[in-house]
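Below: one structure, written as structure tokens.
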Protein chains: 2
Amino acid sequence: MTQLEFARQGMVTEAMKKCAASEGVPEETIRQGLAEGTMVITQNVKHRNIAPLAIGKGLRAKVNANVGTSVDHNNIEEELEKVRAAIAAGADTIMDLSTGPGIDETRKAVMKASTVPVGTVPIYQAAVEMPRKKKRPMVEMTADDLFEVIERHGEDGVDFITVHCGVTRSSVEKIKKEGRLLGVVSRGGAILAEWMDYNRKENPLFENYSRLLEIAKAYDMTLSLGDGLRPGCLADATDRGQVQELILLGELTERARAKGVQVMIEGPGHVPLDQIEANVLLEKRICHGAPFYVLGPLVTDIAPGYDHITGAIGGAIAARAGADFLCYVTPSEHLRLPTVEDVKEGVIASRIAGHAADIARGLKGAMKQDSDMARARRALDWQEQIRLSIDPQRARKLRESSLPHDSDVCTMCGELCAVKKSSKVI
Amino acid sequence: MTQLEFARQGMVTEAMKKCAASEGVPEETIRQGLAEGTMVITQNVKHRNIAPLAIGKGLRAKVNANVGTSVDHNNIEEELEKVRAAIAAGADTIMDLSTGPGIDETRKAVMKASTVPVGTVPIYQAAVEMPRKKKRPMVEMTADDLFEVIERHGEDGVDFITVHCGVTRSSVEKIKKEGRLLGVVSRGGAILAEWMDYNRKENPLFENYSRLLEIAKAYDMTLSLGDGLRPGCLADATDRGQVQELILLGELTERARAKGVQVMIEGPGHVPLDQIEANVLLEKRICHGAPFYVLGPLVTDIAPGYDHITGAIGGAIAARAGADFLCYVTPSEHLRLPTVEDVKEGVIASRIAGHAADIARGLKGAMKQDSDMARARRALDWQEQIRLSIDPQRARKLRESSLPHDSDVCTMCGELCAVKKSSKVI
């Protein structure tokens, strides 16, 4: 049975108990959230070396870090270093998006190295291994080719998979009809759009959704219904194609729930700041409260090199509006495969966004660390300030690079330290 | 006559014309905004080597970069390098907050190096030069000591000055009575609080406000009414002391306008995300539409080393709600005097925030560069993508550090490039 099925039967599992403890909420809150589908616990029944993680309404906003090889940069050891860096920086989940040669080996290594749930996008492997192993073009991939990979990921213990089930002939048609500046920017979405165009057939993930649900159910693998038609620039945000896909995902959410399969929904992408709240509301309404997993959103298109910042702005606003799960964006987005340092920067930026939103949503206990920091600042206790920092290593490094004459202040203000002065009179 | 007085008389000055041209708005829009006090043009009549800059309602959000020496780190050449780096990164104004020995020389050098308006906080100089030059404790500073420095800054051509006129005995009393985690975190605010406590007298900037207005008027030096009692942590945000000070600043805004003096209002600080919009609304209402100049706001207290990101999140939300002018925050905030690289990072982060907000507010033309970027991405035109980036140097560096096998994609996706694939079918 899946966590969803246990919850529906009124049973509180070990996983639910652990999630309740780590979130600081009653066990019944987790059970009820799972039963209603507003929460998921991302843990494949075959995946044992991780702590279970709940994602959804009323819980701390979670952060995912993508790692994975590419054809141009295929170094497993480096990806494992990214896994460790991401987890050390506080990532709640890892997605292995490898597309370089040796995908199975990389995935197994990532799963072994990760202490947090792992997600994948099976269609990447199915697609790139067509020419690589089957010596045929990508577009000749069959439904069996794809489902064989999905089954393998389930068997390996993958906790959640992105499946772009809503990229259908009708939703792609909406995009063509309305027109877009930037077409499809999701790799999975583009693979499927090209495949449907070439084969004149419907998306195999949509056509064979029942088959997908069977596999997902067997492993309690959470489905992350991908937004393959997400906007790739501000001008394309919230267009008919995007919303059409979301409507399909809403219907597929119901079908998954009916079969006892856990579901979350992926969201954009590039979205103007003023459209973010509406996007969250749309997802929550149309998908009947399913957890929302957003990529950014990026609030401008012009900042390659700084997209961890554009993503943190959008992520904070989205999470405050109800998004539950933030996919990080690194400074290398739009430019290159990220480095280990980029991975760390991306995770911290997303954690800042999620934390700021948790406070704004009034999540119980969310502001404690902030107020502890305020007390440490008032006390001019630098060791404590560093300890309470989101990245103590970075905070220590910056402070130690520029030590003040008086050890209780910093080199910005020195003797003019406002905290030191005002402590005398207030 | 000041720009405000010209505007009231229905006259469109050269400065107004230039601002209208650079903002892409009718000259009458600028004149009317100045006349109503919802805009300022920050240019001292003695300051000639800059382009005039308008700040306020309906205009592009502006970004300020703070530079300046401290006692612990007093290197004029390095500060000038920061001025150049900030302007190259797109800062609209520079504030020289120097407190290290040689403040006059540093200010003159900064003003010579800057091609954008320059602001200062005269009380810093008045206070630190008490022991340094007058061999007496800081708290023995007289109103004349302070006004002599203000006059000197005006004479030097400083375009706007921060004056903490609202840090009065009554507003400080409100803070004491309600209680705060972190007291006063503004240097000017703390100097004045200590001074008032020691001398048992009212704030000289408040008591002698008419004298301040005379000096400001003589040079058309814009007053930036400082929020000396701004919150220094989330827990202190929007408390009675902060709002009491704002009410006083509202009254002082009216007095300044009546004398033909241009005014803007400074705002917090550390503010939970959900309180930012209310803070902007409060300022706009209580200060009758005066331009709002915010420091951040920082949406969490726990991210020293990343406060350019916490500030960008808050700044974007504030600017979208109507804040007009964003003071940057650097990664070194709370830890040390910033480096040249920090200054650049801080300016870019604030520019991203302002730009995202300009788009969200529907500012005419704001999204053009984003859509041009989308077109360049669709065309896989990497030179154009780099040219359109907010920091072309950074974008080029990241891309060139990791060149793909096929020159039209990047090392993230390689052959799986969604844009390349989807161009075939959409």
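Quick note on labels: first sequence line is chain A, next is B, and so on, each numbered from 1.
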Tested for side chain to side chain contact (heavy atoms under 4.5 Å, CB included) against Trp382(A), the lone hit among Arg377(A), Arg387(A), Arg399(A) is Arg399(A)
Given Pro272(A), Gly414(A), Ala316(A), the one with more heavy-atom pairs under 4.5 angstrom with chain B than any other is Ala316(A)
Only pairs of heavy atoms separated by less than 4.5 Å count here; which of Val185(A), Ile359(A), Ile348(A), Val419(A) has the most with chain B?
Ile348(A)
Tell me every residue that passes salt bridge (charged side-chain N to carboxylate O under 4.0 Å, His left out) with Lys420(B), counting only those two or more places apart in sequence or in another chain.
Asp408(B)
Under 3.5 Å: donor-acceptor pair, side chain of [X], backbone of [Y]:
| X | Y | answer |
| --- | --- | --- |
| Asn199(B) | Val139(B) | yes |
| Asp236(A) | Leu181(A) | yes |
| Asp370(A) | Asp301(B) | yes |
| Thr411(B) | Leu337(A) | yes |

At a 4.5 Å cut-off on heavy atoms, which part of Ser186(B) comes close to chain A: side chain, backbone, both, or neither?
backbone
Which atoms of [X] come close to chain B, meaning under 4.5 Å heavy atom to heavy atom: side chain ones, backbone ones, both, or neither?
| X | answer |
| --- | --- |
| His405(A) | both |
| Ile175(A) | side chain |
| His334(A) | both |
| Arg320(A) | side chain |
| Leu234(A) | both |
| Glu415(A) | side chain |
| Ile191(A) | both |
| Arg180(A) | backbone |
| Val71(A) | side chain |
| Ser332(A) | both |
| Met373(A) | side chain |
| Pro392(A) | neither |
| Met138(A) | side chain |

May I ask you to check whether over 12 heavy atoms, not counting those of Glu178(B), lie within 6.0 Å of atom CD?
yes
Do the side chains of Asp197(A) and Lys424(B) get close enough for a salt bridge, i.e. N-O under 4.0 angstrom?
no
For Leu363(B), which residues count as a side-chain contact (heavy atoms from CB on, under 4.5 Å) partner, sequence neighbours excluded?
Arg60(B), Asp358(B), Ala366(B)
Note: vs chain A, highest number of non-hydrogen pairs under 4.5 angstrom among Thr69(B), Ile309(B), Val128(B) is Ile309(B)
Hey, are the side chains of Val121(B) and His164(B) touching, using non-hydrogen atoms and a 4.5 Å cut-off?
yes
